[in-house]
Amino acid sequence: MEKNEIIKEKNELVMEQLKIKDDIVNIVKNLQSQLANAECKIQINELVNSKNNEINEHIVQFKNIENLIKLRDETIKLLNEQIRNKDEKEIIITAKIKDLQARLESAEELLSIRNKEISVKSEELRIILDQIEKIKTNDEKVNNMTANVDYLKSQLVNAELQIQAKEDMLNTKDMELKSKEDLIRIKDDEANVKSNQLKVLSEQILLKDITKDSCPKGRPNGIYIIKTGRTMFEAPCNSSGWMTIQRRQDGSVSFNRYWDDYKNGFGDLKTEFFIGLEKLYQLTKKPHELYIKLELNGTSKYALYDDFKIGSEQQQYELSTVGDYSGTAGGALEYHTKMKFSTADRDNDHSFGNCAKKHAGGWWFKNCLTSHLNGKYYTSGFAPHDGVSWLNWNNDLKTSLTYVEMMIRPFS
Ligand SMILES: [Ca+2]
């Protein structure tokens, strides 16, 4: 603004100057014409002088104005310079601002990136904090468990101490027991020695009782050793010298057996047994009588035969003879005289079938029987067809005796 005013002023001054110049030229022209035309040259000179003075004054004024203009120009110049300087500075500042803005933008971008990173890190941190929280919870649990474990450990220590005490007691008891056991062993040994001595003595007594091949008479009932030929065996004897060779009483022993069992004997001498056909053959080489005791539900009967003899194995242990019968049960054995012995695996009977198989035991079967004391045992006393039979008891074969004892004794 200041600059324009100055320029305007300057132009006005120039215009004024030009006008003044024109005026001066016109004045000179007028004066020259006046001088030529005038009559009085002096007057014109004087006028010219005066006018010259005026011109000189004007020139001085002009010069002053020019100086003023010059000063103004310089001022303008200075101002222009200043303005230019200002512009340059502005440009520099603008550039700087731009630069700063660019830096600001990149900084903002960086900040945004950093913010994102911070957000991510915050999330991670949150997870880690959660984990730390969990770990803390776990730590608490672990602490609780550790406390429990400590408590249990202390209990364990107590229990171990108790066990130790019990073990000590047990050891003491063991020692006592051991010494007692040692004592018992010593006593046992002594008892064994005594018992052996007793055995030897009783064997000596028994051997004295052996009357070669039969039961001793006048001795207590019991098991005695019998010697026949080269064989020795045990058999139940009673005080009257009867030797039991077969007994049925409770069905505890099965009599449904093969040839070899009947040949060698089987069962338990104290309960049910059969002495064996070979022994009977050996024993009855000498004359023997046979006593059969029979019972059914408390009723007791007997059959006595005075000449009982069994053949050899070559003769299939035949019932060679029974002799004369006497007794209360009726004679049911005579029918079997001269019959060979039969078992399920050796059919020596006169039947088309196998009597031993059909009647469940070995006997001197014919076709098939009137007696069969080795039949199947029936506690009820009643059998379909295979019981312990004695035809004459009820005149049938369905009656099954509940007690049978066959005994022999040398005939005298
Ligand atoms: Ca047959």
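Remember, it's 1-based here, ligands and their atoms both numbered in the order they're listed. Keep in mind the model is a prediction, meaning the values are calculated, not measured.
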K376 atom NZ: more than 12 heavy-atom contacts under 6.0 Å: no
Between CG on residue L333 and CH2 on residue W364, distance to nearest 0.5 Å: 7.0 Å
From S351, does some N, O or S atom reach closer than 3.0 Å to the Ca ion (ligand 1)? yes
For W390 and S371, work out which heavy atoms get closest and say how close. CE3-CB, 3.6 Å
Side chain T343, main chain G362, donor-acceptor under 3.5 Å: no
By atom name, which N, O or S atom belonging to D349 lies closest to the Ca ion (ligand 1)? OD1
Do any N/O/S atoms of F365 come under 3.0 Å of the Ca ion (ligand 1)? no
